Amino acid sequence: MDERYEEETKEKAPLNFLERIIEDDLNNGRVPDNTIVTRFPPEPNGYLHIGHIKSICLNFGLAQKYQGRCHLRLDDTNPEKEDVEYSDSIKRDIRWLGFEWEPYEYHASDYYGQLYEIALQLIKDGKAYVDSLTGEQMKEYRGTLTEPGKNSPDRERSIEENLRLFEEMHAGKHPEGSYVLRAKIDMASPNINMRDPVLYRIKFASHPRTGDTWCIYPMYDFTHPISDAIEGITHSICTLEFEDHRPAYDWATSIDGIEHAPHQYEFARLNINYLVMSKRRLLQLVKLGIVDGWDDPRMPTISGIRRRGYSPESMKDFVSRIGVAKVEGVVDYSLLEFCVREDLNKRAKRLMVVLDPLKLVIDNYPEDQVEYFEAVDNPEDPNSAVHQIPFSRELYIEREDFMEVPPKGYHRLYPGNEIRLKYAYYVTATEVVKDEEGTIVEVHCTYDPTSRGGATADNRKVKGTSHWVSASEGVTIEARLYDKLFLTEYPGQKTGNYLDDLNPDSLKVVTDAKAEPEILKAQVGDYLQFIRNGYFCLDNKTGKTELPAFNRTVTLKDSWAKLKQKMGV
RNA sequence: UGGGAAGUCGCCAAGCGGUUAAGGCUCUGGUUUUUGGUGCCGGCAUCGGGGGUUCGAAUCCCUCCUUCCCAGCCA
């Protein structure tokens, strides 16, 4: 009825700058076959981390949105650092996120032959030369940020000589470091990347894919743009630090004979506070044994995230919420947690698990009786299944849920107070049993048989509801309580050493948590909520050995903890 | 001091000469609740500074300031 309303609901979500470019290109016929082609080009020299998720979602997402395609290209031009172990993990991680590249899987090494031919052509055209400067000398000749560089003495070497030398490099006749092939561009360029960049270096290293076929390997600035061109990439999206390389990219895609000219666009990489993301630091955490491996649940690697219990859907949602721009910012860790909680709240099966057990004895409950209560698997789901929970005279409740002398605002169990045991009965604490040291070892209470199911006919209210586990029927599990790996927003900012900011309590292992028997049905990959404690998942490594181990994905929001802190309790 | 880029709420981020300057997270009031969870309702910025153009500027121009990236035979 209201046209304006109609229009508003039809209104498109705002486009990010890349979508705008693509739509503009599409609308102006600048895209061959009207099919955009992107690529995700990781170097197989480490595990993918959460920062890569942004790039993956961008490249695959854009291709999906505009009905194009996205290639997976392993950028393997440095055999010294790369390994198939990494390639395998990269593929596993992309698939986990729900993206598929088949049949478009490529390797930069697929193009070594073509790259070599192009290099030869460049030499013949007088656009590249073999340089014998040492690394040290090259640095000197390169100049500085403010001073121009100067030409290498080899810059005017004859084409024949260059050809001969390059072929000899290829044939393995020269040792590593003796020669490189350089582009002849401009040693006085204000852009250092254009001061005759190295195209090829000699490396007598065995390549994971090409073995010992090559002893010269092409550099990124040469390989990447040409790989893009060969594959028909239309939009080559990378991070901001490559902005300075765009002229080199354009130089390479303008080489005679290269028909398709893709374009490079740069976006700001993802930064999240309280996290370290560089491959160097992640590798160090693994090597120093600070974490359990690349897939330690505290690691921001995709494999760590997966083991921690984060869902791929929540990660994609996270990426879509942070947006895409050229501003280098730092996203709040709280947004990440929000996305995980939001998704898990909708899908996690609820279970009662007591992490810090305190025995609760119901004095007026029949000694050997066991009765069952029905629990909803997921109250967020109107069609949720249900399961049964055994109840008995002796139970465990969370130690935090009882206090002998409660502070103001505490409405859990304390002497004389009545609370609800979720799904079961109302109980009132009557007596406390302590050991010699004065620690509470047992709480006694009485229950109201008419409150069966957790409500009474007189409709009287209780302020607290606790979860519980039957002492006789419950099972013991291991729970790994993960917290942030770092204590500060920007690890290392103060001392210069990020290891100084490690959180000593980033992992607490509880080996005597008590759970309702239903937990034994949990499978790897299931999303669980331990009621009032947080989201958990069965660890995907230890599986079910003696003690099933569960990893805490994230806690529930805890406004009581916040209140307590504010009151200074 | 060379080149490249960026500056809109505590954090992301829309906005593209005329809007009460979207939205999300955080924070914060209230409400619902057999999870102190969830849900629901509400609160929270004049756009890095200064000039100018214009009837009108976050949006255009000038200038200053701040931050980030670049001197691997890494990617």
Side-chain angles (χ1 to χ4, degrees), chain A residues 13-16 20 41-43 45 75 77-78 80-81 108 131 133-135 138-140 142-149 176-182 189-195 197-203 216-217 219-221 223-224 238-247 266 268 272-273 279 320-339 341-342 345-346 350 352 375-376 379-380 409-412 419-424 426 453-455 461-467 529-534 555-564:
Chain A
L15 302 178
N16 64 48
R20 208 166 305 190
E43 181 187 11
N45 70 343
D75 213 351
T77 54
N78 188 354
E80 285 170 349
K81 293 184 180 174
D131 198 351
L133 250 32
T134 64
M138 247 182 103
K139 194 174 173 178
E140 284 171 31
R142 186 153 37 226
T144 69
L145 293 178
T146 51
E147 299 160 313
E176 285 187 15
S178 57
Y179 291 108
V180 292
L181 182 73
R182 299 180 74 175
S189 170
N191 181 345
I192 295 209
N193 297 304
M194 296 301 272
R195 319 241 258 233
V198 171
L199 264 23
Y200 267 96
R201 76 285 213 190
I202 300 170
K203 267 185 202 293
I216 54 172
Y217 291 94
M219 299 285 289
Y220 172 86
D221 276 337
T223 313
H224 202 88
C238 62
T239 44
L240 250 29
E241 67 268 28
F242 290 98
E243 254 169 342
D244 288 343
H245 291 255
R246 201 188 321 137
E266 309 86 11
I272 304 175
N273 52 13
K279 278 183 185 171
S320 76
R321 283 170 187 268
I322 59 178
V324 183
K326 298 190 70 141
V327 190
E328 298 176 79
V330 181
V331 175
D332 264 329
Y333 189 82
S334 63
L335 180 62
L336 180 66
E337 290 199 320
F338 168 83
C339 292
R341 288 191 183 111
E342 188 186 52
N345 176 51
K346 287 187 205 120
R350 270 66 169 174
M352 293 212 280
V376 186
E380 299 294 315
Y410 185 86
H411 42 248
R412 301 182 188 180
I419 62 158
R420 169 169 40 235
L421 293 177
K422 192 173 173 74
Y423 295 127
Y426 282 9
K461 300 292 182 194
V462 288
K463 281 188 170 172
T465 299
S466 281
H467 58 283
Q529 184 196 99
F530 291 180
I531 289 176
R532 300 209 301 138
N533 271 319
T555 58
L556 252 31
K557 268 186 22 186
D558 190 350
S559 59
W560 167 241
K562 202 177 278 181
L563 220 195
K564 260 197 313 192

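Reminder, nothing fancy here: chain letters follow the sequence lines and each chain counts from 1. Heavy-atom basis, side chains included; hydrogens, waters and symmetry copies ignored. This structure is a prediction, so every number in the text was calculated from the model and none was measured.
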Q.
Closer than 3.5 angstrom, by distance alone: can the side chain of A/T239 be matched with the main-chain N or O of A/E241 as a donor-acceptor pair?
A. no

Q) So, does A/N191 use its side chain to make a donor-acceptor pair with the main chain of A/D244 at under 3.5 Å? A) yes

Counting the atoms with a prime plus P, OP1 and OP2 as sugar-phosphate, which does [X] contact under 4.0 Å by heavy atoms, base, sugar-phosphate, or nothing?
X	answer
A/G135	base
A/K463	nothing
A/E266	nothing
A/M219	sugar-phosphate
A/D75	sugar-phosphate
A/S559	sugar-phosphate
A/S189	nothing
A/Y333	nothing
A/F338	sugar-phosphate
A/Y200	nothing
A/H411	base
A/R142	sugar-phosphate
A/K346	nothing
A/V330	sugar-phosphate

If the [atom1] atom of [N] is compared with that of [M], how far apart are they to the nearest Å?
N	M	atom1	result
B/U28	B/C44	C1'	8 Å
B/A14	B/C70	P	25 Å
B/C73	B/G15	P	40 Å

Please determine whether a side-chain nitrogen or oxygen atom of [X] lies at a distance below 4.0 Å from atom OP1 or OP2 of [N].
X	N	value
A/K564	B/G36	no
A/T77	B/A75	yes
A/K562	B/U28	yes
A/R420	B/U35	no

Q) Does the base of B/U38 carry an N or O that pairs as donor and acceptor with the side chain of A/R341 under 3.5 Å? A)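 Answer no: no donor N or O sits under 3.5 Å from an acceptor.
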
(Q) Any donor-acceptor pair under 3.5 Å linking the side-chain atoms of A/E337 with those of A/S334? (A)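 Not at all, the side chains of A/S334 and A/E337 share no donor-acceptor pair under 3.5 Å.
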
Q. Once you round it to whole Å, what is the distance between P of B/G37 and CE of A/M352?
A.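 These atoms are roughly 18 Å apart.
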
Q) Taking atom C1' of B/U26 as reference, at what distance in whole Å does atom CG of A/L335 sit? A) 9 Å

Q: Name the residue closer to the 5' end of RNA chain B, choosing between A/V180 and A/I531 according to the nucleotide with the nearest heavy atom.
A: A/I531

Q: By nearest nucleotide on RNA chain B, pick out whichever of A/K461 and A/A268 is the more 5' one.
A: A/A268

(Q) Less than 4.0 angstrom from a charged side-chain N to a carboxylate O is my criterion; do A/K203 and A/E176 meet it? (A)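 Salt bridge absent between A/K203 and A/E176.
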
(Q) Do the side chains of A/E342 and A/R321 get close enough for a salt bridge, i.e. N-O under 4.0 angstrom? (A)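 Yes, this pair counts.
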
Q | Among B/G36, B/A5, B/A13, the one nearest A/E243 by side-chain distance | A |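 In terms of side-chain proximity for A/E243, the closest of B/G36, B/A5, B/A13 is B/A5.
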
**Q.** A/Y333 ring center near A/F338 ring center (under 6.0 Å)
**A.**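 No: the rings miss the under 6.0 Å criterion.
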
Q. Are A/W560 and the base of B/G36 stacked, counting only ring centres nearer than 5.5 Å and planes tilted under 30°?
A.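 Yes.
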
